[in-house]
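Counting from 1, the numbers follow the sequence of the chain as shown. Counting starts at 1 for both ligands and their atoms, following the listed order.
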Amino acid sequence: MELTSETAGAEVVRLVDYVATPYRIDTVHLDFRLDETETVVVAETAFTPRDGTAPGTPLVLDGDELWLVEARLDGAPLAATAYEASERRFTLKAPPAGSFRLMLTTRLRPAENTKLMGLYRSSGNWCTQCEAEGFRRITYFHDRPDVLAVYTTRIEAPKALAKSLLSNGNPVESGDVPGTDRHFAVWHDPFPKPSYLFAMVAGTFDTIEDRFVTMSGREVALTIYVEHGRGAKAGYAMDALKRSMRWDEEVFGREYDLDVFMIVAVGDFNMGAMENKGLNVFNDKYVLASPRTATDVDYAHIEGVIAHEYFHNWTGNRITCRDWFQLCLKEGLTVFRDQEFSADQRSRAVKRISDVRLLKSHQFPEDAGPLAHPVRPNLYKEINNFYTATVYEKGAEVVRMLKTLSGADGFRAGMDLYFDRHDGMAATVEDFVACFADATGRDLTDFMLWYTQSGTPEVMAATSWDAGAGRLKIVFDQTVPPTPGQPTKKPMPIPIRFGLVGPDGTDVQATRITGATVEGDVLVLEAARHEVVFEGLTARPVPSLLRGFSAPVRLTSTLDPADQSFLAANDGDPFNRWQAIQSLAMRGLIEATDAVRHKRSPTVDGRIAEAIVATAALETLDPDFRALAVGLPSEADVARELALDVDPDAIFAAREHLRGLVATRGRDVFADLYARMAPEGAYAPDAASAGRRSLRNAALDYLVRAGDGAAAVAAYGAADNMTDRLAALTIVVGADLTEADALLDDFHDRFADDPLVVDKWLMVQATAPVDGALDRVRALTAHPSFSITNPNRVRALITTFASGNQTQFNRADGAGFAFVADRVLELDRINPQVASRLLSTFRSWRALEPRRQAYAEAELKRVATTAGLSRDVADIAERSLG
Ligand code: TRP
Ligand code: ZN
């Protein structure tokens, strides 16, 4: 056997170069022999040449840091000259004609696998993570999503180290290995799948069990596996799972297909969760919850992520992706499905507002910076760097637009066709879109631009009113800004859901609309310019455009503050009502920021503060909506709006000014709300009670801003749940009250044994907009509760600092950038995926004012020129500078 060492080549992979493999894989038999330090994997794989493959065409398999122990072909040992094996590749030089079986034995050291890709250990248990290219760290394989095979997995381990031995599919057999202290289990997954959906878990867990009867009456055994001692915290996840299973039957007609469904929660995990067939593996954060340790937001995330992974069973697993360029085919679609699920379980309006806020805070900056890429990229160097807000969040918006354009029935018909036509296959975005074109008869050729053009379209709407003619005209101009690799763009089809709000606050109807296609309450913009005329109006209405955020665009309009205030008080569309308040506040914040930058004292029109306070007090609105309405645009929101020459300190000062104004004007309203929104009984995580807490804590924040610090200190002491306790702590620390350190110590002492709560403790300190924050974060990297090898700790302390602390990360002396760059380099040797995500926090550096920009650029260059970088970090560093 020959081993050659190869360095990680940064070749570019292109969508246009797609070709199928010369051989397909029919079946795989995997045998894992686990032991304390070493694991031996025997993989027996059946290959068949595809039609057109010339006899003797070499078989080339992917590997990554692999060590080959033995290779056999159709049962016989392979001659050393018949193959080549390196850490990264296995080549069978001249395969026999017809089908053949290859048996490869590899040896792994899971405890040393700090990348958390492939087979690794977490708290002593074994688990795997294979998406996107982790399976090749277990055995040599066609590790790509268009090679679908039937897997049978045998796991053998010492009984003392692993009571549970799990893999995909249904359990077939289990028992003791005679004469040893070991036992085994065999699993068979009848559904052909790509290697990225493979999973194996072995360890000793607490379990919670339940059952689900599917719509056709089949019984499914449900089990959640959590680390020892945490069983009591998995109840909400189980409840969310059962609700997800029912919802997918009711809304999409999708039924579960195996006898068992398992979820395993682990403490060391690179992302949120993973949809392995029948065996989802989760980050602890998205399973474990109790009122004492989890916030309302945590509960909502658990519900959403449980649903997301479960929904992948049809959108991702039964129908998978032809290649990784099609990632949005499963991710964008599945995010859309989990958003709709949560909207049905909670308040639809509030869910929509939170989703759009996430899109704007994460995806818009990506689309506006050097890392911009289309929802379906056409080239990559490292696929892990494309699990982005653009693929997930903008990908979901694109599916939402397909629904808007197809109508609810057309959308369901298109989805049904997709499931029918492509079940068991690896599909493309074209395949998906064709189902909607075929089901509805609509031409979706131009719609494909949403998948291929990057950048956020800008839509300018100029309104004019002709009282004499009773006619309203809106001129829509769209432009799509240039992005890396795409200097010029075509106009996109943009659905604008709209209403005309009459003087009494209700919608009025035009008798005739010309200038654009109108479908119900949706205008479809297709060209760069549309002059839309609404006729037959008796009094001047205020147009409410982009209702429900019907397209992922930046809309600017000529509406003046009076019109915006009118919409803020009257718009029948809750999303646009919220948007109107935000736009008013944004207007004030931009003016105030400008004043601060020009050394004037900030002033904000008092009517803006008044509108915000009035909304807070409106009893006709739900508390959760009111809580969102009183939350001012974030510092990052303002920075994005400015787009250029950003000075985070000026933004902070301006925002503090407006906060102070709202706090002073609304003092009585907030005091009243704080009293009236007090808990009505024991904590429950439902949306209505969460909404009351949310409004109450927003009120508390303003009370403290108005000078009543003692209220927050008292609230911390009185809290009987994590939502209220963490809100109070965040307020006290953010306001830099003298009690801050004592409360932080108290919080740590109470929860030191719960890593997920320690993460909150780290986050509060990382995000505090106070001068000492950087020093504190640096000191915390040496705290015993922190660990650079655990992705949750790193994200809580360092990624949160870089993405959530505008003034301190972007410090004018560059120290924030230098600190984060140092951590990126330190982490890159441990876990490149987490390191490259951390480096992505530099993505908006070009929007900064010149001095900060220069510091950020210098740090990016320092990273980019460091020797021995991972492909992950090198790719982000290069593109960020490009
Ligand atoms: N497919 C997963 C999801 O549902 C995300 C994922 C991709 C992932 N790569 C991963 C999770 C690596 C953990 C580690 O969104
Ligand atoms: Zn997903």
Side-chain angles (χ1 to χ4, degrees), residues 64 113-120 122 127-138 143-145 168 193-201 241 244 248 263-287 301-321 323-342 358 362 375 377 380 382-396 399 790-792 794-795 831-837 840 870 872:
D64 181 16
N113 182 359
T114 59
K115 295 183 179 174
L116 313 185
M117 292 296 292
L119 177 65
Y120 65 94
S122 177
C127 70
T128 59
Q129 171 56 42
C130 293
E131 187 177 6
E133 296 178 337
F135 192 77
R136 63 184 65 184
R137 296 169 60 76
I138 295 172
D143 191 16
R144 41 187 281 171
N168 317 92
K193 65 169 175 291
S195 52
Y196 83 86
L197 290 173
F198 170 79
M200 191 284 297
V201 171
L241 173 62
S244 305
D248 214 14
I263 289 174
V264 181
V266 300
D268 302 83
F269 203 67
N270 277 354
M271 305 238 234
M274 180 63 212
E275 69 265 25
N276 319 298
K277 183 78 187 190
L279 178 57
N280 289 186
V281 177
F282 272 63
N283 188 322
D284 271 347
K285 183 175 162 59
Y286 297 112
V287 172
H301 283 158
I302 289 170
E303 181 178 85
V305 179
I306 291 271
H308 179 95
E309 306 310 330
Y310 174 73
F311 296 160
H312 267 314
N313 191 54
W314 275 96
T315 50
N317 302 4
R318 288 288 288 257
I319 306 180
T320 193
C321 301
D323 53 64
W324 290 122
F325 297 102
Q326 321 295 329
L327 184 59
C328 66
L329 178 68
K330 72 177 178 82
E331 295 303 348
L333 176 54
T334 305
V335 170
F336 170 76
R337 278 154 49 71
D338 83 56
Q339 289 176 346
E340 286 298 288
F341 167 74
S342 294
L358 182 79
H362 288 76
V375 170
Y380 62 78
E382 171 52 63
I383 188 55
N384 286 319
N385 287 337
F386 285 84
Y387 287 77
T388 60
T390 297
V391 168
Y392 276 68
E393 263 59 58
K394 188 175 181 180
V399 175
N790 179 280
N792 285 3
V794 170
R795 281 187 285 257
N831 188 329
Q833 263 187 48
V834 176
S836 80
R837 283 190 168 250
S840 307
S870 68
D872 309 60

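Classification of the F386-Y380 ring pair by plane angle, with boundaries at 30° and 60°, yields tilted.
Taking E275 as the reference, K330 meet the side chain to side chain donor-acceptor pair (under 3.5 Å) condition, with sequence neighbours excluded.
Checked against a 6.0 Å centroid threshold, the rings of F269 and F282 do not count as neighbours.
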Chi angles and distances behind the salt bridge (Lys or Arg N to Asp or Glu O under 4.0 Å) call for R337, E340:
CA-CA 5 Å; R337 278 154 49 71; E340 286 298 288; over 6 Å; no

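Side-chain atoms of Q326 and D323 include a donor-acceptor pair closer than 3.5 Å.
Ion pairing between a basic and an acidic side chain is recognised when a charged N comes within 4.0 Å of a carboxylate O; R137 and D64 show such pairing.
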Which protein N or O atoms sit under 3.5 Å from any N or O of ligand 1? Give atom names and distances.
from, atom 1, to, atom 2, distance (Å)
ligand 1, 1 (N), E131, OE1, 2.5
ligand 1, 1 (N), E275, OE1, 2.7
ligand 1, 1 (N), K330, NZ, 3.4
ligand 1, 1 (N), E331, OE2, 3.0
ligand 1, 4 (O), E275, OE1, 3.2
ligand 1, 4 (O), H308, NE2, 3.2
ligand 1, 4 (O), E309, OE1, 2.9
ligand 1, 4 (O), E309, OE2, 3.1
ligand 1, 4 (O), H312, NE2, 3.2
ligand 1, 15 (O), E331, OE1, 3.4
ligand 1, 15 (O), Y392, OH, 2.7

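Rounded to 10°, the angle that OE2 of E331 and NE2 of H308 form at the Zn ion (ligand 2) is 160°.
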